[in-house]
**Student:** 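If you scroll down you'll find the structure; I have some questions about it.
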Amino acid sequence: MITDTIVALATPVGRGGIGVIRISGPQVAPIAQTMLDKLPPPREAIFTEFKDNTNNVLDQGIALYFQAPHSFTGEDILELQGHGGVIVMDQLLNAVLQIGARLARPGEFSERAFLNGKIDLAQAEAIADLINSTSTQAARCALRSLQGGFSQAIHLIVEELTWLRTYVEAGIDFVDEEIDLLADGQVLIRIRSLLNHLEEISAKAYQGFLLKEGMHIVLVGEPNVGKSSLLNCLAGRETAIVTPIPGTTRDIIREQIHINGMPVHIIDTAGLHETEDEVEQEGMRRTHQALEQADLVILLLDDRHPTDSSQLLTELPTQLSLIIRNKIDLTDHPAGLSDNGVLYLSAQTGEGIDVLRTCLQTKMGLHNNTEGDFMARRRHLDALRHAEVSLTRSLSYVSNATSELLAEELRQTQHILGEITGEFTTEDLLGNIFSSFCIGK
């Protein structure tokens, strides 16, 4: 049971037209009586003076009272909207602390909303994602998650799992009746249908994850094939040094760009080749490290030498999915995507760059209309993947008519999905999630 009252500055620190102090907890009414001489009517804005506990006037502004349980946190909430000066806000904050509140931890208002059943865990995370959105599409997806789109999709699967568990466990309880509930095919059909739904949700969640975190793309190739030129072309500025001398790039260079609203992390690497130079060897070691963490690897080839880098094709990781032949300005090859999936372009002149942007968007699985998609985090993707594995494993138990193991596998799947919405969670998980929030939210 929550017994203390928390307070925080809900607007950014600094000078501004308005600053907001947010207070939540059981001591809201006494604090209002001290600072405002009254408790405002619920959900009615009043203009009043703000005082400290010695009756000194600190500021004047708008006071709003939200009575429990009809508030964001589910507790009594008081918001003081005053002038947004640093000194004024500090005085108001200190006054509330002296009367009996304590400073809120990062994300504690959202944490209380979750603990009091106002939102689930996926919706709580969507609040932070909405605040931190770096594109319009990301903000829209985060808002859909906050409105419950992601949670509703999970709940529908959990409800179906509940029905399946009840059906299977009924067969276990009434085994003496010699009724084989697994023989009618209903369980098998429904599990396969659930797997299809999970795959659809996972695809949408992955899109939301990429909108939030961005895709990590690594540029690889032999020295002087134009990796740095391509990075500069995509970034729209001279990020990397470009010279005719092979091996100019010896370290990892990173640049974040946006393609149609999606964040993309482009990583330029040292050219891969045989060398005795210790610095170049270290650069290539870091290149291989970057490859292990890449979502997409782009292999650049010099179109003037079509047989070069054939060895690289066999050495690169399996996520390699795009081959680019650069320097078509020197070979007069037409720009565009060939029938075998090779992209021809010129990083020097920009020919074919628009096609590359479209290819990258397609590789990420994103589309212009993201209606119905939602924001997701790495833990959500992991949970969905584990749930798919568990549900797939349950199919073998249906085939073997092993009801007890099937029931346990279905229970485990339900438990995994419950971790997404917070139905099953741990204090450590909550601490990790809410500690990343800003103070006052």
**Student:** Please find the pair of heavy atoms, one from Ala29 and one from Leu39, that lie closest to each other, and give the distance.
**Tutor:**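 Closest approach of Ala29 to Leu39: CA-CD1, 4.0 Å.
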**Student:** Could you report the tightest heavy-atom contact between Leu322 and Gly341, atom names first, then the distance?
**Tutor:** CD1-O, 4.2 Å
**Student:** For Val225, does its backbone N or O pair with a side-chain atom of Asn326 as donor and acceptor, under 3.5 Å?
**Tutor:** yes
**Student:** Return yes if some donor-acceptor pair links the side-chain N/O of Ser390 with the main-chain N/O of Ala387 below 3.5 Å, else return no.
**Tutor:** no
**Student:** Ser133 side chain to Asp129 main-chain N or O, any donor-acceptor pair under 3.5 Å?
**Tutor:**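 Judged by distance alone, yes, a pair lies under 3.5 Å.
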**Student:** Heavy-atom count around Arg385 CZ within 6.0 Å, excluding the residue itself: above 12?
**Tutor:** yes
**Student:** Any heavy-atom pair between the side chains of Leu360 and Met215 that's under 4.5 Å?
**Tutor:** no
**Student:** Restricting to non-hydrogen atoms, name the atom on Lys227 and the atom on Val220 that form the minimum distance, rounded to 0.1 Å.
**Tutor:**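 Lys227 and Val220 have their closest heavy atoms at CD-C, 3.5 Å.
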**Student:** How close do Phe114 and Gly422 get, counting heavy atoms only, and between which atoms?
**Tutor:** CZ-O, 3.8 Å
**Student:** For Gly82 and Asp59, which heavy atoms make the closest approach, and how far apart are they?
**Tutor:**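 Scanning both residues, the minimum pair turns out to be CA-OD2, 3.4 Å.
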**Student:** Is it the case that atom CD in Gln33 sees more than 12 heavy atoms from other parts of the structure closer than 6.0 Å?
**Tutor:** yes
**Student:** Side-chain contact, heavy-atom cut-off 4.5 Å: Leu219 with Ile324?
**Tutor:** no
**Student:** May I ask you to say whether Lys204 pairs ionically with Glu200, meaning some side-chain N is under 4.0 Å from a carboxylate O?
**Tutor:**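 A salt bridge is absent here (no side-chain N lies under 4.0 Å from a carboxylate O).
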**Student:** Counting only N and O atoms by type, is there a donor-acceptor contact under 3.5 Å from the side chain of Asp295 to the main-chain atoms of His216?
**Tutor:**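 A pair under 3.5 Å: yes.
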**Student:** What I want to find out is whether Asp4 reaches Arg105 closely enough, with some N-O distance under 4.0 Å, to be called a salt bridge.
**Tutor:**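 Judged by the 4.0 Å cut-off on N to carboxylate O distance, Asp4 and Arg105 do not form a salt bridge.
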**Student:** Return yes if some donor-acceptor pair links the side-chain N/O of Thr11 with the main-chain N/O of Val20 below 3.5 Å, else return no.
**Tutor:** yes
**Student:** Under 4.0 Å between a Lys/Arg side-chain N and an Asp/Glu carboxylate O for Glu125 and Lys212?
**Tutor:** no
**Student:** So, are Glu408 and Arg411 salt-bridged, with charged N and O less than 4.0 Å apart?
**Tutor:**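 Yes.
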**Student:** For the residue pair Phe209 and Tyr206, does the interplanar ring angle fall in the parallel (under 30°), tilted (30 to 60°) or perpendicular (over 60°) class?
**Tutor:** parallel
**Student:** Checking Lys51 side chain against Ala95 main chain: does a donor-acceptor pair fall under 3.5 Å?
**Tutor:** no
**Student:** Take atom CD1 of Ile18 as the centre, draw a 6.0 Å sphere, and report whether it contains more than 12 heavy atoms from other residues, nucleotides or ligands.
**Tutor:**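 Count not over threshold, so no.
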**Student:** Which atom pair, heavy atoms only, marks the closest approach of Phe72 to Ser110?
**Tutor:** CZ-OG, 3.7 Å
**Student:** Donor-acceptor pair, Asp52 side chain versus Leu58 backbone, under 3.5 Å?
**Tutor:** no
**Student:** Consider side-chain hydrogen bond (donor to acceptor under 3.5 Å, both in side chains). Of Gln414, Glu409, Glu160, which one does Arg165 pass it with?
**Tutor:** Gln414
**Student:** Check step by step if side-chain contact (heavy atoms from CB on, under 4.5 Å) holds for Asp76 and Thr5.
**Tutor:** CA-CA 9 Å; Asp76 283 347; Thr5 299; over 6 Å; no
**Student:** If you apply the rule side-chain contact (heavy atoms from CB on, under 4.5 Å), what do you find for Met35 with Leu78, and how did you get there?
**Tutor:** CA-CA 11 Å; Met35 297 190 69; Leu78 179 66; over 6 Å; no
**Student:** Would you call the rings of His380 and Phe150 parallel, tilted or perpendicular, taking 30° and 60° as the class edges?
**Tutor:** perpendicular
**Student:** Tell me every residue that passes ring pair (Phe, Tyr, Trp, His ring centres under 6.0 Å) with His83, counting only those two or more places apart in sequence or in another chain.
**Tutor:**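 Scan of His83 (ring pair (Phe, Tyr, Trp, His ring centres under 6.0 Å), adjacent residues dropped) gives none.
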**Student:** Side chains of Ile77 and Tyr65, heavy atoms from C-beta outward: is any pair under 4.5 Å?
**Tutor:**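 The answer is no; the side chains never approach within 4.5 Å.
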**Student:** Check this for me: does any side-chain nitrogen of one of Asp382 and Arg379 sit under 4.0 Å from a carboxylate oxygen of the other?
**Tutor:** no
**Student:** When you measure from the side chain of Ser71 to the backbone N and O of Ala68, does any donor-acceptor pair fall under 3.5 Å?
**Tutor:** no
**Student:** Is any side-chain heavy atom of Leu356 closer than 4.5 Å to one of Leu230?
**Tutor:**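 Leu230 reaches Leu356 side chain to side chain.
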